[in-house]
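Scroll down for the structure; my scribbles are underneath it.
Residues: numbered from 1 along the sequence shown.
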Amino acid sequence: MHDDIFARKQIESFNLAMEVAICINDNYSSNLTLEQLASQFSVSRNHLSILFKEKYGISVKQYILRVKFGKAKEFLKQGHSVKET
């Protein structure tokens, strides 16, 4: 029974991290912060940081930057100017 509870908690934690990642991908052009995301998902900054790092191996801030750089790279490949990007 204890293992079932632990497994459920772990799945819930990974689902939360995934929801945060989806939120970041959908709102990459906003100035997202760990504080805003933690508040939006009703968890502490520390808890979110730990969950996210366990799931993705990088911090929330690093993930945000990777998404933004990835989107910028896509725009540049599509022929958009640096200013537009």
Side-chain angles (χ1 to χ4, degrees):
M1 181 162 170
H2 182 267
D3 290 341
D4 289 342
I5 294 170
F6 178 76
R8 235 179 312 138
K9 288 267 188 202
Q10 193 169 22
I11 290 169
E12 289 172 8
S13 296
F14 282 144
N15 286 342
L16 174 63
M18 190 171 61
E19 287 180 40
V20 171
I22 290 168
C23 180
I24 292 168
N25 284 301
D26 290 346
N27 299 288
Y28 67 89
S29 61
S30 301
N31 287 326
L32 297 171
T33 65
L34 176 60
E35 292 79 15
Q36 290 170 329
L37 291 165
S39 176
Q40 182 176 340
F41 288 91
S42 302
V43 294
S44 72
R45 291 175 35 218
N46 190 44
H47 186 65
L48 179 56
S49 292
I50 291 168
L51 293 179
F52 202 88
K53 186 125 187 180
E54 284 177 0
K55 169 93 171 143
Y56 292 102
I58 58 174
S59 70
V60 172
K61 186 174 182 174
Q62 288 171 319
Y63 189 86
I64 291 169
L65 289 174
R66 282 189 183 180
V67 170
K68 287 185 177 200
F69 286 133
K71 295 295 183 179
K73 189 175 170 181
E74 284 178 30
F75 285 168
L76 291 171
K77 282 184 178 180
Q78 293 171 357
H80 294 276
S81 70
V82 173
K83 187 174 184 175
E84 288 175 311
T85 300

Only distances under 3.5 Å count here; give the side-chain donor-acceptor pairs of residues 19-31 to other protein atoms, sequence neighbours excluded, each with its distance to 0.1 Å.
residue, atom, partner, partner atom, Å
N25, ND2, A21, O, 2.8
N25, ND2, Y63, OH, 2.9
N27, ND2, C23, O, 2.8

(request) Measure across S49 and L34 and return the closest heavy-atom pair with its distance rounded to 0.1 Å. (result) OG-CD2, 3.2 Å
(message) Would you compute the distance between atom CG of L16 and atom CE of M18 and round it to the nearest 0.5 angstrom?
(response) 10.0 Å
(request) Mark yes when over 12 heavy atoms from residues, nucleotides or ligands other than K68 sit less than 6.0 Å from its NZ; otherwise mark no. (result) yes
(request) Rounded to the nearest 0.5 Å, what's the gap from CZ on F52 to CD on Q62? Could you check? (result) 10.0 Å
(message) By the definition side-chain contact (heavy atoms from CB on, under 4.5 Å), identify the one residue from V43, I50, L48 that meets it with N46.
(response) I50
(request) Hydrophobic side-chain clustering at under 4.5 Å (ILVMFWY, transitive links): who's grouped with L65? Put none if nobody. (result) F69
(request) List the atom of S59, the atom of K53, and the distance in Å for their closest heavy-atom pair. (result) N-CD, 4.3 Å
